[in-house]
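Just below is one structure, and these are the notes that go with it.
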Number of protein chains: 2
Amino acid sequence: MAVIDPESAVPVYKQVARALRERIDRGELQPGRVLPSEQHLQQEFGAARDTIRRAIRHLTELGLVHTVPGRGTFVRAGTTTVTGEPGMRVFARPATDAERARFDLSEGCAYMLVAEKAGGEAEAWPADAAEVRISE
Amino acid sequence: MAVIDPESAVPVYKQVARALRERIDRGELQPGRVLPSEQHLQQEFGAARDTIRRAIRHLTELGLVHTVPGRGTFVRAGTTTVTGEPGMRVFARPATDAERARFDLSEGCAYMLVAEKAGGEAEAWPADAAEVRISE
DNA sequence: GCCCATTTGTCCGTATGTATA
DNA sequence: TTATACATACGGACAAATGGG
């Protein structure tokens, strides 16, 4: 069972994210399955919704889950190939300190590959572990 | 002057992000310059801090700014644009020594953004200064 | 088509801690 | 030390999307 320590130097949202990640790694939450709702996670971890959502955002940035409004947050298969769409903008930038911590990019250079859709939404992956293919 | 419409279907944080992005694009906020503080932006746009921070997070994910705790949020260097073609593969990798010399990438971390065409030819640009746009 | 419960999205307010100058 | 600015965390409220009846 997940143990959350509000007094820890590790932020609560990271502890929650870690607990959820362990469930994914252990196979308790398999690809395609939906995570418990935010409300459920609030009660389970005893944290505010803001904190739960931050934990989920963390997992989303890791590429482990993705969220569908009105339905829930689903476990993703660990894919690193992204399909380029018309109007998309692809670029690289240095990882933020937060991303370095989240992706364990402590050593040396750390860059992120980012794909921004025409609408303005963007996704980012560690540059060493992702590529964009433009469909023919 | 930026106009924020809380009644709009477009979320306030996106309106704020767009307003800030326009200032960067117009050169009012040049690379290296610091953005107004979150508190200042709260007053200027009449939005809550949470909303301002979300707008800044959005810009960070787009590679336009980066934040230094205790100091502020800074505008990153602009980029040049490359046209993406069907069949192209776009990724990032560390710069070679030759590229470091050629592009004067002497200091620290240096990544290249690479576009490989379907035929196998590839071009590379310093990651900080290039982006690929997929034509519509 | 409509209504409704569920779930996520957005937005506000407040408080406290940490980093920097 | 003090002031400023960002980071985290709590609380509440309403809107929007989805799917089932």
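Here D:dA5 presents its P atom at 10 Å from CD of B:Gln43, a figure rounded to the nearest Å. When rounded to the nearest whole Å, the span between CG of A:Leu35 and P of C:dT7 equals 12 Å. Going from atom CD of A:Gln15 over to atom P of D:dA9 covers 8 Å, rounded to whole Å. As a whole-Å value, the separation of B:Leu41 CG from C:dC12 P is 13 Å. Rounding to whole angstrom units, CZ of residue B:Arg57 and P of D:dC6 are separated by 15 Å. If you measure from atom CD of A:Gln39 to atom P of D:dA13, you get 14 Å, rounded to the nearest angstrom. Between A:Asp50 atom CG and D:dG12 atom P there is a gap of 13 Å when expressed in whole angstrom units. Regarding B:Glu38, its CD atom lies at a distance of 4 Å from the P atom of D:dC6, rounded to whole Å.
Apart from B:Tyr13 itself, the hydrophobic cluster it occupies contains nothing, where clustering links Ile, Leu, Val, Met, Phe, Trp and Tyr at side-chain heavy-atom distances under 4.5 Å.
Of the side-chain N and O atoms in A:Arg53, one or more sit less than 4.0 angstrom from OP1 or OP2 of C:dG9. Look at A:Thr51 and you'll find a side-chain N or O under 4.0 angstrom from OP1 or OP2 of D:dC10. For D:dT8, one of the phosphate oxygens OP1 or OP2 lies less than 4.0 angstrom from a side-chain nitrogen or oxygen of A:Tyr13.
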Within the sub-3.5 Å range, which N or O atoms of nucleotides 15-21 of chain C have a protein N or O partner, and how far apart are they?
none

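Using a 4.0 Å cut-off between charged nitrogen and carboxylate oxygen, B:Arg21 and A:Glu116 count as a salt-bridge pair. A salt bridge links B:Glu44 and B:Arg23; the closest N-O separation between the charged side-chain nitrogens and carboxylate oxygens is under 4.0 Å.
Where B:Pro36 and A:Ala48 meet DNA chain D, the nucleotide closest to each residue was compared, and B:Pro36 sits on the side nearer the 5' end.
In this structure, B:Arg49 and B:Gln39 have side chains that are not in contact, with every pair of non-hydrogen atoms separated by 4.5 Å or more.
Of the residues listed (B:Thr51, B:Ile56, B:Thr73, B:Val16), the one engaging B:Leu41 in a side-chain contact (heavy atoms from CB on, under 4.5 Å) is B:Ile56, and it is the only one.
B:Arg93 forms no cation-pi arrangement with B:Phe91, by the criterion of a distance under 6.0 Å to the ring centre and an angle within 45° of the ring axis.
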Item to complete: Go through the steps to decide whether B:Glu85 and B:Arg133 satisfy the test salt bridge (charged side-chain N to carboxylate O under 4.0 Å, His left out), and finish with yes or no.
Response: CA-CA 9 Å; B:Glu85 303 170 5; B:Arg133 275 187 187 276; over 6 Å; no
